[in-house]
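Each remark here refers to the structure printed beneath this line.
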There are 2 protein chains.
Amino acid sequence: MTKSADTKVKDRDDGLDMGPLPNLMGYLTRRAQMAIFEDFHARFADEDIRPAQYSVLKLIALNPGARQTEVSAALGIQRSNFGPMFDALEQRGLVERRPLEADRRSLALYLTASGEAAMVRLDALVEAHEAKFVKRIGLQGKVTLQTLLFLLTSGE
Amino acid sequence: MTKSADTKVKDRDDGLDMGPLPNLMGYLTRRAQMAIFEDFHARFADEDIRPAQYSVLKLIALNPGARQTEVSAALGIQRSNFGPMFDALEQRGLVERRPLEADRRSLALYLTASGEAAMVRLDALVEAHEAKFVKRIGLQGKVTLQTLLFLLTSGE
DNA sequence: TATTGTTATACTCTATAACTATA
DNA sequence: TATAGTTATAGAGTATAACAATA
């Protein structure tokens, strides 16, 4: 209520008072995800592959012949957004679509030979990427984190 | 090498084989963050406030008079993107800029009376939002998660 | 010279609706 | 009628560079 209270607008020694913000799980996961993706982007710059692209390639590698709707749904990507994203990978010769005889509406997805070769390199990059963060929290920490994040995601 | 191996393109009982994807920390944090933000968006739809906007409002509430560069840097937002974002909040009468006499390049940020009133409602929404996820992993789980995510973020 | 804030721009990601061809 | 994939579009989020005013 005093004039001096108006003057002392902020306690600012080194930085700002973040209050409870750094304890909010949404804030925490967002910042952690950004830190992890930043490392990913740096490592995959030469290969010009982004996280979502890697997840698509990996899913097709594990499930050759899967249809677009299956892959996009499994990754939480809209069907309408999956098409153009896949086009980019296809134009680079990493993947291909093949008509499905059983259902002529559908297209089955496959890695090309070039895509298979790329996966060997990409998997190695992912392994190094992953190891960097495991080093920070330990193997037990990673297991705990997996459990907690899974529980967070899969709720009511 | 056989024709039958070509036929059995994929083991697909219910869904796709995700392989090690769900164990990658980047994938896990991304999916968790999306689940948390989805709940946030639903709760804050009526107030028309997004996570980044809440963090800006909260930071100004805790640090009245803070300058734009300070707030944007603390939240990891580019200076050039902070301006238009703040404009939207200002046009809604929640915040305001005031010239700094000490440095006429800078603008000090404040909540308006309307903004202060809004924060009471928003903080209540955040509390309920947070409680939903604490319920899934327990209070100890939240503390552990905070520790792990902080360690992940603050590395070399 | 360096910094604060602004403007312009561009690229990615995400979300929705409408369309086609098949089923 | 419903589904697979496409197209168009729009809104966020993010990133960089250049600029004017001020330090």
Side-chain angles (χ1 to χ4, degrees), chain A residues 16 26-27 29-31 33-38 40-42 44-45 48-56 60 65-91 95-110, chain B residues 12 16 26-27 29-31 33-38 40-42 44-45 48-56 60 65-91 95-109:
Chain A
L16 296 184
Y27 184 87
T29 54
R30 171 177 164 264
R31 297 301 290 247
Q33 194 235 300
M34 285 180 66
I36 295 172
F37 274 29
E38 190 177 352
F40 190 102
H41 286 130
F44 286 74
D48 194 21
I49 291 288
R50 276 174 296 280
Q53 290 177 317
Y54 173 76
S55 67
V56 168
I60 297 175
R67 288 172 287 120
Q68 290 198 183
T69 300
E70 291 180 298
V71 174
S72 60
L75 295 174
I77 302 173
Q78 303 285 330
R79 266 191 339 220
S80 56
N81 296 327
F82 186 87
M85 177 194 176
F86 193 85
D87 289 341
L89 297 173
E90 193 165 36
Q91 280 158 23
V95 292
E96 60 181 2
R97 299 178 232 231
R98 292 189 216 155
L100 250 190
E101 299 163 14
D103 184 342
R104 279 154 57 208
R105 294 173 303 181
S106 298
L107 295 171
L109 307 182
Y110 297 90
Chain B
R12 198 188 321 161
L16 295 185
Y27 184 88
T29 54
R30 171 178 164 263
R31 296 301 290 247
Q33 194 234 301
M34 285 180 66
I36 295 172
F37 273 30
E38 189 178 354
F40 189 103
H41 286 129
F44 285 74
D48 194 19
I49 291 289
R50 276 174 296 279
Q53 290 178 316
Y54 173 77
S55 68
V56 168
I60 298 175
R67 288 173 288 118
Q68 288 197 183
T69 299
E70 292 179 298
V71 174
S72 61
L75 294 174
I77 303 172
Q78 303 285 329
R79 268 195 334 233
S80 55
N81 296 326
F82 186 87
M85 178 195 176
F86 194 85
D87 290 342
L89 296 173
E90 193 165 35
Q91 280 157 22
V95 292
E96 61 181 2
R97 297 179 233 232
R98 292 188 215 156
L100 250 191
E101 299 163 15
D103 184 342
R104 279 154 57 209
R105 294 173 303 183
S106 299
L107 295 170
L109 308 182

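Below, chains carry the letters A, B, ... as their sequence lines are ordered, and counting in each starts from 1.
- Classified by interplanar angle (parallel below 30°, tilted 30° to 60°, perpendicular above 60°), the ring pair B:F37/B:F40 is tilted.
- Summarising the geometry, the separation between CD on A:E70 and C1' on D:dA4 is reported as 11 Å, rounded to the nearest angstrom.
- Considering only heavy atoms from C-beta on, A:R97 comes within 4.5 Å of A:L109 through its side chain.
- Taking atom NE2 on A:H41 and atom P on D:dT14, their separation rounds to 12 Å, with Å as the unit.
- With a 4.5 Å cut-off on side-chain heavy atoms, B:I77 and B:V56 count as touching.
- In this structure, OG on A:S72 lies 10.5 Å from CZ on A:R67, to the nearest 0.5 angstrom.
- Residue A:L109 contributes atom CG, which lies 9 Å from atom P of D:dT6 at whole-angstrom precision.
- Along DNA chain C, the nucleotide nearest to A:A52 and the one nearest to A:A102 differ in position, and the one closer to the 5' end is contacted by A:A52.
- Checking B:L100 against A:D87, the closest nucleotide of DNA chain D that is more toward the 5' end is the one next to A:D87.
- The interatomic distance linking A:M85 (CE) with D:dT7 (P) rounds to 17 Å, in whole Å.
- Looking at A:R105, its side chain comes within 3.5 Å of the base of D:dT3 through a donor and an acceptor atom.
- Counting only heavy atoms from C-beta on, A:D103 has its side chain closest to C:dA23 among D:dG5, C:dA23, C:dC13.
- B:R31 places a side-chain N or O within donor-acceptor distance of the main-chain N or O of A:L75, the cut-off being under 3.5 Å.
- Contact annotation: the side chain of B:Q68 never approaches that of B:R79 to less than 4.5 Å [non-hydrogen atoms, C-beta and beyond].
- For DNA chain C, the residues of residues 74-84 of chain A within the heavy-atom distance limit of 4.0 Å (strictly under) are A:Q78, A:S80, A:N81, sorted by number.
- Residue A:R97 has a polar side-chain atom (N or O) positioned under 4.0 Å from OP1 or OP2 of D:dT6.
- At the phosphate of C:dT6, OP1 or OP2 sits under 4.0 Å from a side-chain N or O atom of B:Q68.
- One interatomic measurement links the two molecules: CG of A:D48 to P of C:dT12, which rounds to 9 Å at whole-angstrom precision.
- Contact annotation: A:R67 does not reach the phosphate of D:dG5 (side-chain N/O to OP1 or OP2, under 4.0 Å).
- Of all nucleotides listed (C:dA21, D:dT22, D:dA12), D:dA12 comes nearest to the side chain of B:R50.
- Relative to the side chain of B:L107, the nucleotides C:dT6, D:dT22, D:dG5 differ in distance, and C:dT6 lies closest.
- How far CD of B:Q91 is from CZ of B:F86: 11.0 Å, rounded to the nearest 0.5 Å.
- The separation between A:F86 atom CZ and C:dC13 atom C1' is 19 Å, rounded to whole Å.
- For C:dA23, the OP1/OP2 oxygens have a side-chain nitrogen or oxygen of A:R104 closer than 4.0 Å.
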